[in-house]
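Taking it in order: structure first as structure tokens, then the write-up.
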Amino acid sequence: MPRLIADLTPLRVSPAFRRLWWGLGVSNIGTQVTVVAVGLQVYALTGSTLAVGTLGIAALVPLVALGLYGGALVDHYDRRRVSLLASTVLWLVTAGIAAQAWLDVGSVNLLYGLVALQSAAFAINNPARTSIVPRLLEPQLMPAANALQTLSFNVALTCGPLVGALLVARLGYAWAYTLDALLFTAALWAVWRLPAVPPEQDLDDDAAKAAPARRRVVGLSSVLDGLRYLATRPNVRTTFVVDLAAMVLAFPRVLWPAAGALYLGGGETTTGVLAAGFAVGGILASVFSGALVRVRWQGRIIVWAITAWGLSVTAFGAVLVAVGPDAPDGVLWGAVVVAGVALLLAGGADAISSVFRQSILQTATPDHMRGRLQGVFIVVVAGGPRLGEMVLGSEATWFGEGWAAVVGGLACVAVLWLVVRLQPRFWRYDAHHPEP
């Protein structure tokens with residue numbers, strides 16, 4: 001049994017990683033509190049679901065626009081300083097969101113602007129933080145470290161929305177945002193305590209030898225260098241391709257409100273149960289990741305995890321097809337349980353895939369390119385689910401939510417195995433001899 005429980009070795013051997021893990025875990029709870037509170041405040045001010053959805057666009061555009069450039073900054077400057085500066089901006093923006101609530105400004109446009117600024121700072125901060133971790137730990141500990149980070153994120157994803165909703169209902173928006181600002185100081189403290197993390201040079205790489213001359217100016221050419229590098233590294237590139245196949249073709253979150261209202265009964269309560277089931281799946285996969293982090297053939301684990309993801313989403317859709325969109329007066333608890341289990345399995349599969357995709361990216365990529373590829377990673381992770389919501393939302397209008405999930409899940413599996421056939425090196429990826 002101990003071999004199945006999450007490997008805590010990274011927390012024991014690296015005080016810096018331990019502080020970073022705790023600090024980010026605490027601050028992520030506050031982040032999720034604000035995500036829920038901002039959505040509720042925009043809806044309260046406008047009464048429009050479209051206005052709430054526009055928050056997603058306000059966050060996505062700067063994230064995509066600055067994700068690649070943020071990665072280039074990380075590769076050219078001390079990563080601790082970049083992360084500390086971006087974290088400070090994030091804290092100031094969070095304080096600004098709290099201030100507008102305390103002053104009762106009531107401006108939706110101001111909220112959109114603050115969310116956009118928050119997303120822009122995150123686009124720089126995230127590549128910096130994720131590029132720091134491989135410098136704090138040995139390569140063989142990266143899967144365990146990523147499993148621990150996935151665990152803390154899913155705990156925040158489960159607890160944060162609940163805490164945010166309760167705070168808004170009992171005390172108001174200002175207190176919810178203030179809690180986020182207070183919790184975020186844990187992340188600031190953790191980054192402040194990090195040692196200096198200047199970018200390394202790969203002495204065997206002529207391009208890296210010229211890095212000091214390029215560090216003075218970080219422009220489009222630096223971003224393009226990272227993209228050109230990615231184009232020549234099939235294993236790292238395939239981690240992005242298979243994730244896009246999973247997220248664009250079979251990301252089911254957009255179907256959950258209709259599932260609660262039209263198929264399973266229970267409305268918002270059932271929607272919350274489905275969302276919680278997905279998050280709990282990620283938590284369980286991380287808690288019982290002890291055996292997985294020792295896996296050598298990591299490409300195969302990713303392939304099987306995404307296969308399980310696609311089949312789980314298909315099973316979720318099959319439940320909706322079976323009960324039909326009859327808007328039941330009561331809750332169909334049997335169907336809710338089966339659908340929840342399917343999403344729990346999907347959440348677990350997604351967590352496992354995420355752990356090993358991140359591990360391959362962090363260990364197979366040389367340090368002087370790590371920030372730029374982490375920038376690509378954040379663009380893919382942020383953009384894929386948004387595109388997936390558009391794809392499955394469109395399919396749902398054509399032939400219903402249930403069949404949208406069934407078709408999306410099966411399409412994900414089919415595309416995944418086609419990619420594996422075209423990139424057989426990914427199937428043979430060996431963690432003992434990482435090759436990008």
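Because the structure is a prediction, the values reported are computed rather than measured.
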Has [X] got a side-chain atom pairing as donor or acceptor with [Y]'s backbone, closer than 3.5 angstrom?
X	Y	result
Ser312	Ala308	yes
Arg80	Val197	no
Asp78	Arg81	yes
Ser131	Ala128	no
Thr397	Ser394	yes

Under a 4.5 Å cut-off applied to non-hydrogen side-chain atoms, are [X] and [Y] in contact?
X	Y	value
Thr307	Trp417	yes
Thr238	Ile360	no
Arg18	Trp21	no
Val42	Tyr112	yes
Phe426	Val303	yes
Glu401	Pro325	no
Leu60	Ser119	no
Gln423	Asn235	no

Shortest non-hydrogen contact from [X] to [Y]?
X	Y	result
Ser27	Asp180	O-OD1, 4.3 Å
Leu73	Val82	O-CG2, 4.3 Å
Pro234	Arg425	CG-NH1, 3.5 Å
Leu332	Tyr263	CD1-O, 3.4 Å
Ala259	Leu274	CB-CD1, 3.9 Å
Val391	Val248	CB-O, 3.5 Å

query = More than 12 foreign heavy atoms under 6.0 Å from CH2 of Trp297: is that the case here?
reply = yes
message = With a sphere of 6.0 Å drawn around CZ of Arg19, does it hold more than 12 non-hydrogen atoms of other residues, nucleotides or ligands?
response = yes
query = So Trp192 and Trp91, ring-ring contact (aromatic ring centres under 6.0 Å, His included) or not? Walk me through it.
reply = CA-CA 13 Å; Trp192 177 265; Trp91 184 84; over 10 Å; no
query = Would Val313 and Phe251 count as a side chain to side chain contact (heavy atoms under 4.5 Å, CB included) if you check the C-alpha gap in whole Å, the side-chain angles of each, and the deciding distance to 0.1 Å?
reply = CA-CA 8 Å; Val313 173; Phe251 190 63; over 6 Å; no
Mind checking the [atom1]-[atom2] spacing from [X] to [Y]? Nearest 0.5 Å is all I need.
X	Y	atom1	atom2	result
Ser359	Gln298	OG	CD	5.5 Å
Leu416	Asp243	CG	CG	11.0 Å
Thr88	Phe184	OG1	CZ	8.0 Å
Leu345	Asp350	CG	CG	12.5 Å
Ile306	Ile352	CD1	CD1	11.5 Å
Phe356	Ser354	CZ	OG	11.0 Å

Counting only pairs under 3.5 Å, give me each side-chain donor-acceptor contact of residues 314-324, with atom names and distances, residues two or more places apart or in other chains.
residue, atom, partner, partner atom, Å
Thr314, OG1, Gly310, O, 2.9
Thr314, OG1, Leu410, N, 3.4

Between [X] and [Y], do the side chains contain an N or O donor and an N or O acceptor separated by less than 3.5 Å?
X	Y	answer
Thr9	Arg12	yes
Ser152	Trp22	no
Asn146	Gln362	yes
Gln41	Tyr177	yes

message = For Phe278 and Trp309, take the angle between the two ring planes, folded into 0 to 90°, and tell me which bin it lands in: parallel under 30, tilted 30 to 60, perpendicular over 60.
response = perpendicular
message = As a quick check of understanding, evaluate side chain to side chain contact (heavy atoms under 4.5 Å, CB included) for Leu136 and Leu194, giving each step before the final call.
response = CA-CA 9 Å; Leu136 305 177; Leu194 286 171; 4.0 Å; yes
task = Quick one: do Gln149 and Phe153 satisfy side chain to side chain contact (heavy atoms under 4.5 Å, CB included)? Show the steps, please.
result = CA-CA 6 Å; Gln149 290 178 304; Phe153 176 77; over 6 Å; no
task = List the steps, then state whether side chain to side chain contact (heavy atoms under 4.5 Å, CB included) holds for Val191 with Asn125.
result = CA-CA 11 Å; Val191 175; Asn125 191 37; 5.6 Å; no
Cationic tip of Arg253 above Trp256 ring, under 6.0 Å, 45° of axis = no
